Every structure is written in structure tokens, then in C-alpha cells.
Chemist: 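Have a look at this one before I ask anything.
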Amino acid sequence: MLSFCKTCRCAGETLHDQEEELQPLTSGKTAGRNLEELLSDLGLKDLFKTKLTVGRALEIGGRSVSEESALSLEALPRCVLNRLMMVNVAARSAKYTPSDHEAPAPGPDSDWGNLVKDPDNRNAINPLDVITAILLCSDNFLQHELVVKMSMCQFAVPLLLPHCDTQKCTLMLWAMRGVVKKFRPHSLAYPKASIENSIALTNLPMVSFIRLGEVSMSKSQILNKLLSNPQQYHDTFVHRDMECGDCPRRISDGLVEITWYLPCGNKNIDIFSEPMAVANFRGDVRSFETQYSFLCHTSAAIFVFFDNLKLDLKYWTIKNVKAQLFLIINSQGKTISSDMLQKVATDCNIERSNIIMKTKQNDADFVRKLSSTVREVIEKSPQKMSVKDMYDVALELGIQVDENCNECQRAKQRADELTCNIEDTLKFKKDQLPLQAEIWKELSQIEKESSRIRVVTVLGVQSTGKSTLLNTMFGVQFAVSSGRCTRGAFMLLIRVKEDFREQLGCDFLMVIDTEGLKSPELAQLTDSYEHDNELAALVVGLSDITIINIAMENSAEMKDILQIVVHAFLRMTEVGKKPCCQFVHQNVADVSAHDNNLRDRQLLLEQLDEMTQVAARMEKKGETMTFTDVMDYVPERNTWYIPGLWHGNPPMASVSAGYSEAVNEFKSRMIDTLKELKGTRPAHTIPELLGWTKSLWKAVKYENFIFSFQNSLVADAYTTLCTEFNKWEWDFRKHMYTWVSEAETSVLNFGTAALTAQKASSLDDLLSVLENEASHELAKGEKQITKSLTNYYQRKEGHVYLVEKYREDFMNSVKSLKRELQTALFMKLETAMNIKKGMASVEGIKKKHKTIMEDQVQKLVKVCRTSQTPISDQQLEQEFEKMWTETMKMLSFKGLKRLNIVQQVYSLLQSNLETKGGDNDPQQCLQKFKQQYCTDFRDLFHKRDLCHRKAQEFTRQCLEPAVRQYVSKALGPDIVDEMMTGNKAIDFSTRSFFQFSILKQLLAEDKFENFAGYITNYENFVKKWIVNWIVGAFSSTPNRIAVMEDYHLKKIIRNIKEAVMSAKVAVRSEEEISICQFICGTLSETLVIPKDALDAVMVLNHAKTEQFFDWLLSSIDEMEESLSIEFHRHKDVRTRLTTMPFKPQDELFNRVIGCGKQCPFCLAPCEAGGKGHTEHFTSIHRPEGLRRYRWKRTRKLVPEICSSLVASEITFRSAETNGKFHPYKDYQKFYPDWRIQPDTSIQASAYWKYVFAKFNTQFAKEYDAEPADLPPNWKSITKEQAMKSLEEAFMMKKRKNW
């Protein structure tokens, strides 16, 4: 046995004892092998060198949220670690539980040997070994966290951590610095006072307990009883009767654990009236000289457990040590003489009173006796020392100190640098940490943008256990204490394990702890309610899940808190956010709480609904809203009951196992909720979260919770929605334009296509049929857009949920679009019908005249053929002229009777429509084809083949104008498509983009007349701008429009040729039916064939069928070539735009002008999507002086903008106020559809400051006013700064190609 007297022992001296042969000291090689084997068994071998970090320990994974037993030895450390991090008092009870297929099969009945074996312990590991292994494989910061968690569980924590591979140990000073205890010694002068301090810095007497040799008593179990009162027993130290506590220790011998007894101040509860530290040495002290020496120098007393009185104890002394030595001897079952006890006392140099015998008394009597001795020691001993003071002792004995490592020293240095100049902590936090923006920036640089983040926050009354709840759930260390320990909001970022990220839909979980609401410290302040509102709005706005923490003893304040929360939730719906809400009721221990509180949950929901209605009225949102309208909340699924935190009375109470289990169950459900969110609401990236936080903070600061909320995510989501909606709208419009064009063609061709099946027998029936078809097409289009919109809102990407509040506006826009198209379509159909009817009134006369004229020509041919003398062509023309003149006199026609257009405007319009469409004078119509009749007459007389000429006439007079009209009609939509899909498509995608484009070009040109025109005559300016834009786009590429025309030309030529070939098959030469009529009938829904021209071609047509087809196809080819040349020759885009039936400039204007409303003060155009919105808004207001507003007295132009004016006491007058002055803040009385954000902090953008400063004099002259008094810094704004502010205002920073 080694002597522990460093000053007098002989080198290498070994003492023997007859009764007990000592085992030799374990060699470093053997100990190292034990450590290596254990770490290998536990799967920790690699971590022994690399070390486990706090970040990895906190990682969220599938296993980390479950409480399954360890199914393998490798899973055991993680199971223990997870439970420790969640402050679960069952952490040390975790053990390896083999699965069913691994468990040994039971032996036969004859195998009696199995009864005496312990199959369950074949792979069991002592809890101390597991904890020691975890600590050895953890870095200093994780050790720090683990010690704090162990202390909360009332577990003993390591004071000296052994390294069995090197036979050295480490003083765990750094690890214990985070353990803060509060206690109330009986010696305090003021009975209700208490002490709160880091336990590592607190001077306390330490009582140490060691073992010498093998002992029959369980030292640790005796200590547990010593520290526990009968009503509050707790296993502070692991002992042999605990789960796996009897398994041989492999690496934890030499461990010195420490715990503290801390009185609560109640004499009926406290075992000891004064605080003390209790150290428990593991293993036989004879093998660990260094640890024993350390205890001798730091303890007030050392209690030695031993049974063998024959051991030689005369060298058991260490000089200059004030620690008292007490021997605890178990005499049960032994005969001990007084001489033997006297010898022991003499060898150890102790008094008789320092020997405590355990005779036949039970443990309770023995513990009472031991307790009395300990009490006397701590009350009388002057030896008090903090763990920090043990630092020097450790260094003297060659013991390592954990905080001497480089990592701890760097952390300590940084902390000192940060705090050395802080005199007033509260002031420092207020001034320097309002949002900790720099930390966020660094964080965004560290983590890439592939990083997705979810946010969980907690709200509740002060001192209701919010921080403790988060600490238990996630294993983190938010500050906890009664009173206002948290000020503001603090966050921690927890990594999600890689194999769990896909399931959870994020890479990190941000946990935000908040200052308690309804703080007594703030209750006296006039703005305390606003403070709580702002805090609630901020954390709710950031969160994906908001935990509403309610302690039942504070339920009286619950209503006020919920009112605040409801306001916050309601405001979040304004910006498109609908967080998930979880109500946690703490301090509810009843096992049937969930069932018994059914009525309470229903009552709570009723109260929440009532509060929502009150809040909605205050926020001017109507009175029909319910809580579930603003929050994702299902009472049965989102309400939790959690028992009290402590098991017993603090400070000696441990965390309740029921609390840890209930919190773990809540955490598991919350993780499931996050999984569900993956499908409906994408996680933020860190830059997105930074942007959202910045905007949200600004919104909270200025109470700016209106839908013009300026946030990049909302703006992007809204812009994307507008862009998509505009595409759907254009597809709908284009489809209906194509349909109505075909319908108009059908109407105008009615009666022309004799062989084709008509849709109706009369024009009125046809109108009814087409109106029904139009209604069907409109309903189908409306249904398609509605479906597209619904599907869009079901997307998982694009932050669609942020624009949820606009869904109804866009749905209304769909209905409005359908009504607009229906009105336009029905009007076009009625117009075409009236034109057709107006033409039909003279069709009969025209037909009669043509028949008469054809008969006269035929008669003249016969007369001329009977002439006995040859007739020249000149003579034939003279004869024709004579016949024509006489016949025209006979066909005298007075024209249509005019309607009375004076009496009714409608009649005027009707008359105009009926006389529209061309030559309603039959004589004029007949006169137009005089030359054709003459040519036919000559050819008939000479019996010439008419095929070639009739084919040419049919092509030139019937097909060519119809084809030209067809191409012209198709060209307009093509140009719109090109503008919406080409290089500048984004300019027309939304109103905001369009505004940005115009303002950008205005700045580039930088001319006063342009700015003045844009501001004062917005619509005309925009129309001209669009025309110029189209002209520029289509003039930059030669023949760009001609290429489009060629496409449609080829398409219709192909259709015409197919119709000709069909006619060739269907029409026989002997039939009387006209080939041309058949062709026109086939094309009757595509081409409008001029009826007069067709009738003229058919007059005297005796062409042979086969030859006519050949010549016709040849003429069609010639027509195609001729038209293509014509299209390529016409390069004046501006002229072409004016001649198109469908004006692309008008369509684009309607798209970007939107509702056409402008700000009633500065004339900034409304940017709301669709036309069905109920409120108008604009991204960027202008100084009102730019719109002629001036101060009444000085006549100087006004430099302020609408946002600041509506938040001020300044008055205005306008036509709507009948010239009377009214406060700007009451503007909605006169302009109820406009929402202008009231914010005195907002100034004009640098863009308009630049414009106003540069053209101040010109604007004043234009408006007959005096120049504005502008701040000097406006004049120093550069063009580049103006452009940058424009990009920021319209959030174009991230967009390229501008």
C-alpha cells in the first residue's frame, strides 16, 4: 500500500496486511485498454480525439425526439445524452435493451443453471462509466452544458474527472461555472433574503467521503439518504441498487463527484441549516494518491468508510491540512474490541468522537447520527473554499484544469473584452443589442443561402417557465430565474441532422426566447401595453410555431395576454402569415387533465374568438373573424398540459420526471407539425429570414401592418402571383378574342355558304346560339383561371402563403374579367349582327339587280351573235355601254329610309351600325362591277375559256381581301405575345415592373417635359410610351412583323388549298352548285368573303371545273407570293399599329394601367394586382408639390410625401372636400378606397428628391407657383443614387438584366 504522506514515506515501500492482500495498482497500459474497449463498445472511439460539440449534441434528428430505449450499445450514449440535455431524471437509468431476436432464448426446464445466471447484465454498463465516457468525449463547452443539466436533475457532477489512460485527472472548474444556485441559509439576518450565485464562485465548506478497501455498506446510498429528507428522497449519487449500478466500473474509478446541500430557509424541511458541498470519491482511495491529496487540501472534513480494522493507518496523514478526519466503521456481524478502535484512533491521530460506528441500528438511525456529525462540522469549521479557489491546489498537485485549454481561454478573453466597458447592463442591451444585426450578418455569411430555417418562439407571462420549457425541449441554456431574467428576445440556432432534414424540410431550427409579458417592472409605464404588443408582434411574425405558455396560477392574467397575442396574429394575417399556435398549460399534474379540461378548451376557444372579433374591430377588419381565421389552431391537437417543473422543494428539488416526459411528448408533436408545414409553407433561407426580420422590425416600430408592407419576400411572392395571373388573364383574353373573331366571321358569312350546315335558321337564332356559346366559353375560361389560382395557392414553393390575403382580391378579379369580356363580346356580336341585318335589307334588291343585269348581258350576247357583220371589241363595248345605261335607269333605287336619329341616341347608333359594312346603295354596288360585267360579256361573245380569268377574279376579289383581313386580325395578339415573352417581357408582367421601367427610362432621359407629362397626363403619356416601346422593339429587328405575317399567311393559304381540294372531290362539273360558294362555305368560320365580290365572280361563270381548279391553285400561289412581298415592303411599324383591328398597344395599356386609379394627393398609380381589389396602394409616393400642391400662404410647392402627411396634423383641401380644409389623417373619409401608410419617418425617395431638386424651378413655373423650400442635401443627390433608390423602392436589387 502506497503511503500518502509525501514528506516521510520511503521510496518504493510496500506494506502488507495479513487479513487483506491488496491488488496491485492498475497500470496505465491496462487502464488505457479498458478505456479503449469501452469507448469502442459505446461507439465513441472516434469522438475521444475529435470531441463532441454542443452543436452536434443539440442537433435535431429522428432519434433525438423519441424516447426509445437504446437498442444497441452504440446507441446508449446518445440516449443518455438526449435525456440529459432535456433534463430528464431518468437519464442515468437508460440501458442497452436487446431486441427480441437478440435476447437469449429460455433454456429447458431441466437447465437449472440458468436460474442463477443474470442474462440481462451480460452487456450492461455502469451508469458512471457511460457518463464518464460521454464527458471524456465532449469538448469543454458541451461539458459545461452537461454539468448544468446534471445539476438541475440533482445529479452529482464531476469535480475531478479521471483519465484512466494517463492516470491523470482534470478539475472541472469551467464546466461548473454555469451552475447557478439560489438558497437561503438560516444565518441570514433577514429571514426572507436569499443568495443567488454561481456555485463555482461560492465559498462553502466541503465534506468529502472516501472508501478504504472493500466495504459492506453502500457509501453512495448512505450519502443519498444523508442529503434527502424522508419526504423528498433523491438518488443524487449512483449506487449499487440502481439500474446497472452493481455492474463493475471500468473507467470511472478515481472520479470525484460533487453535489451541494442548499437550505431553503424552512427549519421544518432543511436537514442542514447552512449550505455545504459534498464530495464523493469513487473507487479505493489507496490507488489514487493525487485525488486524495486534493481532497485533504480542499475539504473541511473527510469521512473514511472502511471495514478492516487491521489495516495499517499510521501513514494516513498529510501535513498542513486542516481537514478533520472521520472514520465510519461497519461493525455489523463483526466483533470489534475497544483496543482495536483505540489503535485506529491513535494511528489516524483522531479523537474518539471522530469514529462513527454502524452497529445493529437501521440505516435511518445511522444516517441521523452521521447527519448530526456533519452538521456540527459545517457549523464550526472555518475551512470554506469555492471551486474556483481549488484552482491553485490542483495546479500544485499536477491536476489539469479544464478552463486552461485554449478554447476556454479564448472564449474567456472575448467575453472579458466585450464586458469590460459595460457599466449599466440594461442600458448596454438597449443601446447595442436592439436586433443584434451584425451577428445576423455574420451568421448569414457563415451559412450558405442551400440553408433553410424554421423558427419556434414562445410567449407568456413573466416567470411562467418559458425559458425552462425551451431549455428542456431542446437542451439549450436560456437564462432562467424568477423575475425579469430575459429582456427582449434571444435566439439560438440548432442544426438539424442531415438524415432528418428532408423530413423536417429545413436545415436549422431557430429557437427564440422572449421577455415575459405583463412585467411588474413595466406595469407602471404608460407604454407597457404597446411594449408587449410590439414584442408579441415581432416574435409571432418571425415564427413558424408560436408556443403560448400559460401557468395555471397566472390564469387571471391570461385574458390580457391572449388579447395581445390575438392582435399580433391578426396583424400577421395582414402580411400573409398564419403561424401555428400551441397552447401549453403548465403546473397541471392531473393524469386526466386533457379529458377534464375539455370544457375549459372550448371556453378558451370562445374567448379567443371573442378577442379576435374585438381585435378585428380595432384593426378595422370586420367583426366576423374567428381565432382560427388568423391562426392555425385546433384545440384538441394544439393544447398541452404539463406538470410542475420541480419534484420537491427547491433548491434541493430535482426536475420532475413527469415534466421532462410531458415536454418530450410535446416536442415530438411539434416536430410532427413542422413536418406537416413542409408541404404547405416552405422554410426561409437565412438571407430571407434576415430580410423578413428587418422589414418586420420596421413594421413593428412604426405600426405599419397594412398590406403595402414592404418586405422582399412578400413583394416577390406578390409579384410572382401577379405575373402568373397576368399570363392566365392574357390566355383567357386571347382565347375569347379568337372565338369572337370566328363568331363575327360566322355572322358576316351567314347565308353566303349555301352548302354548309348553318348554326341557325335566322340571324336572331344565330345570335342566341352564339351568346350561349360565348357564355359557355366564358364560364370555362373563368373556371380554368380559378383552378389555376387555386392550384397556385397549393404550391409548396415560392412563399405562396405570404400572399394568402390577396386570394379573394384575385378571385374577384377573375369574376370582374369575365364580366368585362362578356360585355365586350356580346356588344361585338350584336354589332356584327346589326351590320349583317343592315346589309340584309338591301341584299334582296342587290340580288334582283344582279339577276336582271346578268339576263341583259346574256340577251345582248345572243343579239350580237346574230349580227350578219363582224363586230369589233370596240363595237361590243359600245353595245354594252348602251345596255348598261338603259338597265341602270330601269333599276333606279332611292336608297334606305333614314331613321330618326334626333329623338334617340340609341337609334343613331343603331342606324350607324345598319349602314356600316359598305355599299348599301345597290346601284353603286352594281356600278362597281361594271367593268367585270363588260369583260364577261366580251368573253361570252367570243366563247373564250373563263377558267383562268375567273380563278384570278375569285382570288383577287374574294380571297385576297379576306386573307389580308385574317392576317391583320391575328397580328395584334401576336405582338402582345411577343411583348410578354420577349427580352422586355418583365416590363409588362406586373404593374410594379411597368412603373419601374417607365421611371427608369425617365431618369435615363432626364428631361423636364417627360417628367411633367408623366405626372400631369399619366394615361396619355403611358399610351405613347407603350407605342414607342412596341415601335422600338419591332424596328430593331428587320422584317420582324413581316415574319409574323408570313406565318399566318402560310397557315391560311394551307387551309384555303385544303378547301379547294375538298371542293374538287365534292363538286362535279354537271352540278349547278358553285365551286366558289363551296370553298367559301368551307372557310366560313375563318375568312369573311365579300359577298358582293363573290356574287360578281359568280355572274356569267361558265368555267370548266377541272381547269378552274388548276388555275385557282395557281392564282392562290401567286397571291401568297404577292402578299408576302407586300408585307415585307411595309416597314413602318407605327402605321401598321394604327391599321390593325386588334390594337396591341391598347391591350398592353389595359394590362399595365390596372384599375387606373391614382393617389389622390401625388397621382402615383395604383399597383394592386387584378381589377377586383378593394383597396388601392402604391409602392412609392411622390412629393405632393410635383402634383401642383402648394402651401396656401406662401404658394411654395410642397416637398412632403403622402405617407408623412397622413400621419401629421396638416390639413388639405380638394374638389372632394368642396374646397374646405380637412386633416390629412382623415383622408379616408373622402378617399375610402385608398390605403396610404401613415409614417412620419418616411421621406421622399432619393429618386423624386433628385427630380424635384433638379427641376424645382421648372415645376413651379409650370404650376404657376413658387419653388419649394427643399433641404440642401436633396441637391447633392446624384443620378446614380436616384437609380439605386428606385431599385430599392421596387425591390429590384436581386433582379438582373435591368
Side-chain angles (χ1 to χ4, degrees), residues 47-58 81 84-85 131-152 155-181 196-204 206 208 252 254-260 277 279-281 288 290-291 293-295 297-299 384-420 422 475-479 492:
L47 289 174
F48 184 62
K49 290 184 178 180
T50 61
K51 303 301 181 187
L52 184 64
T53 64
V54 176
R56 287 191 60 186
L58 294 180
L81 182 63
L84 277 178
M85 296 304 285
I131 292 176
T132 300
I134 291 174
L135 289 169
L136 288 173
C137 294
S138 302
D139 69 6
N140 295 82
F141 301 99
L142 180 55
Q143 289 176 351
H144 176 94
E145 296 291 324
L146 290 174
V147 166
V148 172
K149 303 294 185 183
M150 292 171 69
S151 178
M152 290 184 66
F155 295 168
V157 300
L159 177 63
L160 297 179
L161 183 66
H163 299 259
C164 61
D165 57 331
T166 62
Q167 293 297 298
K168 293 183 179 181
C169 57
T170 300
L171 174 65
M172 306 295 282
L173 172 57
W174 174 272
M176 278 186 275
R177 283 187 180 271
V179 179
V180 178
K181 296 289 187 179
E196 183 175 16
N197 197 13
S198 167
I199 203 68
L201 306 179
T202 305
N203 288 323
L204 297 174
M206 184 169 77
S208 299
S252 54
L255 170 69
V256 178
E257 298 173 281
I258 188 172
T259 190
W260 299 270
N280 183 19
F281 180 84
F288 300 94
T290 303
Q291 285 91 324
S293 298
F294 176 83
L295 293 178
H297 282 92
T298 56
S299 302
K384 293 184 179 180
M385 185 178 287
S386 67
V387 179
K388 181 183 177 183
D389 294 335
M390 299 177 185
Y391 177 90
D392 293 333
V393 177
L395 291 183
E396 183 181 345
L397 295 175
I399 296 174
Q400 299 174 1
V401 181
D402 59 352
E403 69 177 30
N404 283 344
C405 71
N406 293 333
E407 291 82 1
C408 294
Q409 288 301 310
R410 281 196 298 267
K412 187 175 183 298
Q413 180 183 354
R414 290 173 182 171
D416 290 341
E417 291 173 356
L418 180 66
T419 59
C420 64
I422 299 177
V476 295
Q477 273 298 321
F478 288 115
L492 283 172

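Residue numbers count from 1 along this sequence. Computed from a predicted structure; not experimentally measured.
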Chemist: Please check: side-chain N/O of N140 versus main-chain N/O of D402, any donor-acceptor pairing under 3.5 Å?
Modeler: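 Checking the backbone N and O of D402 against the side chain of N140, a donor-acceptor pair under 3.5 Å is found.
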Chemist: Counting only heavy atoms not in K168 (residues, nucleotides, ligands), do more than 12 fall under 6.0 Å from its NZ?
Modeler: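 Not more than 12 within 6.0 Å, no.
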Chemist: Kindly give the heavy-atom pair with the smallest separation between S151 and V179, and that separation in Å.
Modeler: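 Shortest heavy-atom contact: OG-CG1, 3.3 Å.
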Chemist: Taking only residues two or more places apart in sequence, or in another chain, which ones meet Q409 in a side-chain contact (heavy atoms from CB on, under 4.5 Å)?
Modeler: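 Expected list: N404.
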Chemist: Could you pull out all residues at least two apart from F281 that satisfy ring pair (Phe, Tyr, Trp, His ring centres under 6.0 Å)?
Modeler: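 Partners of F281 by the ring pair (Phe, Tyr, Trp, His ring centres under 6.0 Å) criterion, ordered by chain and then number, come out as F288.
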Chemist: Taking side chain to side chain donor-acceptor pair (under 3.5 Å) as the test, write out the residues that go with S252, two or more places apart.
Modeler: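 Checked S252 against side chain to side chain donor-acceptor pair (under 3.5 Å); matches are D129.
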Chemist: The criterion is salt bridge (charged side-chain N to carboxylate O under 4.0 Å, His left out); which residues satisfy it with K181, sequence neighbours excluded?
Modeler: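 Here no residue qualifies.
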Chemist: Would you please name every residue forming a side-chain contact (heavy atoms from CB on, under 4.5 Å) with V180, sequence neighbours left out?
Modeler: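 If we apply the side-chain contact (heavy atoms from CB on, under 4.5 Å) test to V180, skipping adjacent residues, the hits are E196.
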Chemist: With the side chain counted from C-beta on, respond yes when R56 and L47 share a heavy-atom pair under 4.5 Å apart, and no when they do not.
Modeler: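 SC-SC contact between R56 and L47 confirmed.
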Chemist: Listed by chain and number, what are the side chain to side chain donor-acceptor pair (under 3.5 Å) partners of E257, not counting sequence neighbours?
Modeler: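 E257 satisfies side chain to side chain donor-acceptor pair (under 3.5 Å) with R282 only.
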Chemist: Among all residues two or more places apart in sequence or in another chain, which pass the side chain to side chain donor-acceptor pair (under 3.5 Å) test with T298?
Modeler: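 Residues passing side chain to side chain donor-acceptor pair (under 3.5 Å) with T298: none at all.
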Chemist: Indicate the ring-plane relationship of W174 and H144, choosing parallel, tilted or perpendicular according to the 30° and 60° boundaries.
Modeler: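 Ring orientation, 0 to 90° scale: tilted.
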Chemist: Mind checking what makes side chain to side chain donor-acceptor pair (under 3.5 Å) contact with E403, not counting sequence neighbours?
Modeler: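 Residues passing side chain to side chain donor-acceptor pair (under 3.5 Å) with E403: R177.
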Chemist: List for me each residue that meets side-chain contact (heavy atoms from CB on, under 4.5 Å) alongside L135, sequence neighbours excluded, and say none if there are none.
Modeler: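 Result, side-chain contact (heavy atoms from CB on, under 4.5 Å) vs L135: I131, Q143, L146, P158, L161.
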Chemist: Taking side-chain contact (heavy atoms from CB on, under 4.5 Å) as the test, write out the residues that go with M152, two or more places apart.
Modeler: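 side-chain contact (heavy atoms from CB on, under 4.5 Å) list for M152, sorted by chain: V87, V655.
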